[in-house]
Amino acid sequence: MSGSEYRHLAISAITSGAAMEVEKPEPLSKIWATDVFNLAKMEECLSKNAYKAMKKTAQTGAPLDPATADVVAAAMKDWALSKGVKFFSHIFYPMTNATAEKHDGFIVTNADGNAITEFTGSLLIKGEPDGSSFPNGSLRMTNAARGYTAWDPTSPAYIMNTANGATLMIPSVFMSWTGEALDKKIPLLRSNAAMNKAAKKVLQLMGETEIASLNSSCGAEQEYFLVDEKFANLRPDLLLTGRTLFGAPPAKGQQFDDHYFGAIPERVQVFMQDFENQLYKLGIPAKTHHNEVAPGQFEIAPYFESANVAADHQQLLMTVMKLTAKRHGFMALLHEKPFAGVNGSGKHVNWSVGNSTQGNLLDPGNTPEDNLKFLLFCGAVIRGVHLFGPLLRAVIASASNDHRLGANEAPPAILSVYLGDQLEKVFMDIKAGNLTATECGGNMDLGLAEILPFKRDPGDRNRTSPFAFTGNRFEFRAVGSSQSVSGPLVAMNTMLADSLNWVAGKLELALGEGLSLTEAVLAVLKELMDQHSNVIFGGDGYSEAWHKMAVEERGLKNLPTSADALPAFLDPAIIELFSSTGVLTPVELESRYEVYSEQYILSIEVEAKLVIDMATTLVYPAAMSYLEQLTNTLATSAELGISLDASLAKKVAAQADGLLATVDKLALSIGQHDFPSVEAHMKYCASEIRALMDTARSYADTLETLVPNALWPLPKYAEMMFIK
Ligand code: ADP
Ligand code: MG
């Protein structure tokens, strides 16, 4: 059977497919967190003391003594065994965007040959996968390839079910034998601790006496595409790279704006409900889902949680999404730009910091005192984005996100902060010295109090900003859909820690000079605004004018590709940021640069190889079949004395020739390995290789519009997006 016949078979199979059998809906109370060993379950099965110790550890990260760990391990094992579990695994989060796990059985045999089960505190706490197969950026010599995983008691263990088995998953950190972070969780925990320490200093200076541990929160909105698996299986590009390397735009795209929030196709609705039920069982609070802008594109957003748990849940959500989609005959595409010319997918990371005593510090609050705290924390974020914008750009850099950033439907690659009109005015007034404090019986004068308790305005949206204040949190909108949220959270927590340390230093000085608290806060904020207000921008982030102004007048960096962005990890200011806050040592940071740049080069090379392969084995042969038909017809008609125009045949031949010549050049260019530095190699990928891939694509896409539908082997954009 020919490629095009397979494609037509797929279309008829999908359109005549029977509806999937689904389970009857269960009430939320019956399924919520049934597969999670959370505090509620521990309360049921642990002694009072053990439970109290565990609760403290889970909520504050305080170390757990070995005796309690033994008790928790035993209870965890009993709970898991009662649910049919036979294996356990430390799941960890290496420097790729994926997760990793090694499964061990609970089983041991005794002298009588009987199988018993064993799970001690030390087995719970420490695992030892072979570390050598995970990226480490030269952190481990091969003769010392050992890596350790260690239980993270602040993120609950859970059960992953398959059709005939179940595994207890234990969220863990992953480090080298010398204790260096090899994963995405360690820096996240450290960045939270650094932020907590700095925030406490500021709150103390503001006169707070009772200050609970501060934690960062994250709510991630995940965009994705669904494509029928029968189509995806006919597209090697989707299978291997997650995006289409070829494909002409459909006649109908998203230009009608009829998809966003539109009615969800029934088959997708069934998938979503199943998906959400799986998430609920795993204790992931899925809250909203809707259609996205492009046809076949959707979004799911769980309710926000503490950043560490949210990051683990985000990884799990992506895994469960892919598995559930497969069960429904779909392939879930998490790539940032699966279809050229069609809206891409991002992951908005909503982020705030707070605690149980002062609440959310990015929430304006109702009293002038609350507002002062809010303004300081908000100011600290502004300073962070201004000083460390290139870091925020670097942590979202990937070969796939490059296709989305800077395009006209995604946040620009220039990092600026959007505050909304009202808040921007408050900060600009502070900068101009128009907002001053005169104390009046211990309270601020009315003028200030009137301006400060501004209303929240979450409806005030600027979709063109990469980093926007949205009422009680910041929304980092440039994060890629396939990415782990850890990197962005680490960058935000760490820059905030640095800024809060700066604020604390300045505030202490100002208070020492005898200023009132309000005067001192406003003085610190004025100084902060004098240095950093350039990063605030409320206009159209897509406009040419902004790109020019940002770079030429505001001194902001425009870093369009990952090749431009990743070297930020080597910037002395960023090395200092991470080492002064204790989040990453210079060696750890450099290893990250190595890993991420390697991944960038590798993904472009894999795609380039696939372009060559698909052009040669799928597109060119289809063009030749058509050319054969055309030339045969031309020859026969000439014999019969019918004169036919040969221009179409010539056009097909010219495009096919162009395609072949381009992939030859592409093959030569990926053979190049002689570069003075990794940076130079990345730049070469970004410019030369990507450009040749684009040229090859334009030949192939033109051929798609010339070759008859009946001969085309690859499922087309319209089919993949509209047939569900
Ligand atoms: P929108 O699409 O309008 O941006 P959504 O409701 O889709 O909004 O997503 C908003 C996300 O922000 C949700 O995950 C929500 O739980 C989260 N969120 C709300 N408040 C906070 C907060 N204070 N800190 C962190 N995330 C938050
Ligand atoms: Mg949003």
Side-chain angles (χ1 to χ4, degrees), residues 188 191-192 195-196 199 212 214-224 259-262 264 272 275-276 279-280 282-294 297-318 321 343-366 370 373-374 377-378 380-381 409-411 417-420 423 456-479 481 483-486 488-493 496 541:
L188 180 52
S191 71
N192 202 68
M195 182 280 296
N196 171 43
L214 286 107
N215 211 337
S216 47
S217 297
C218 162
E221 302 161 56
Q222 173 78 56
E223 293 178 337
Y224 62 99
H259 190 71
Y260 192 53
F261 280 19
I264 298 170
M272 280 180 173
F275 175 33
E276 279 151 4
L279 294 179
Y280 287 149
L282 290 163
I284 301 178
K287 188 150 167 74
T288 47
H289 65 222
H290 56 78
N291 276 358
E292 258 305 326
V293 184
Q297 190 187 26
F298 309 94
E299 177 183 302
I300 177 159
Y303 193 66
F304 70 101
E305 302 177 280
S306 86
N308 178 40
V309 172
D312 290 359
H313 278 172
Q314 236 296 305
Q315 293 301 114
L316 185 53
L317 178 146
M318 292 194 284
M321 179 193 287
N343 191 62
S345 298
K347 178 144 56 196
H348 296 177
V349 175
N350 294 270
W351 165 79
S352 62
V353 299
N355 62 7
S356 57
T357 42
Q358 277 73 38
N360 176 0
L361 288 151
L362 291 174
D363 193 326
N366 297 321
D370 278 349
K373 268 182 241 127
F374 161 70
F377 276 76
C378 196
V381 174
E409 29 85 9
V417 178
Y418 171 77
L419 293 176
L423 188 55
R456 292 180 223 164
D457 199 359
D460 194 4
R461 284 299 158 90
N462 179 332
R463 293 181 68 94
T464 70
S465 173
F467 204 92
F469 180 71
T470 52
N472 62 355
R473 59 189 184 269
F474 278 92
E475 184 171 342
F476 189 8
R477 308 177 58 249
V479 181
S481 50
Q483 258 194 283
S484 153
V485 294
S486 295
L489 289 167
V490 168
M492 291 189 283
N493 284 342
L496 181 59

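Everything numeric here is computed off the predicted structure, so don't read it as measured data. Start at 1 and go down the list; that is how both ligands and their atoms are numbered.
In the vicinity of Tyr303, heavy-atom distances shorter than 4.0 Å reach the ligand 1 atoms 16 (O). Residue contact check: Asn360 has heavy atoms under 4.0 Å from atoms 23 (N) of ligand 1. When each atom of ligand 1 is checked for a heavy atom of Ser352 under 4.0 Å away, the hits are 22 (C), 23 (N), 24 (N), 25 (C). Below 4.0 Å from some heavy atom of Glu475 lie the following atoms of ligand 1, by number and element: 4 (O). Residue contact check: Glu299 has heavy atoms under 4.0 Å from atoms 7 (O) of ligand 1.
Neither the backbone nor the side chain of Asp363 comes within contact range of ligand 1; no heavy atom lies under 4.0 Å.
Residues meeting the side-chain hydrogen bond (donor to acceptor under 3.5 Å, both in side chains) test with Thr464, sequence neighbours left out: Asn462. With sequence neighbours excluded, the residues that form a side-chain hydrogen bond (donor to acceptor under 3.5 Å, both in side chains) with Glu305 are His313.
The shortest N or O to N or O distance between Cys218 and ligand 1 is not under 3.5 Å.
The shell of residues lying under 4.0 angstrom from ligand 1, judged by heavy atoms, includes Glu221.
Note: Phe298 and Tyr224 have tilted aromatic rings, judged against thresholds of 30 and 60 degrees for the angle between ring planes.
Lys347 pairs with exactly one of Glu221, Gln483, Glu223, Gln222 by the side-chain hydrogen bond (donor to acceptor under 3.5 Å, both in side chains) rule, that one being Gln222.
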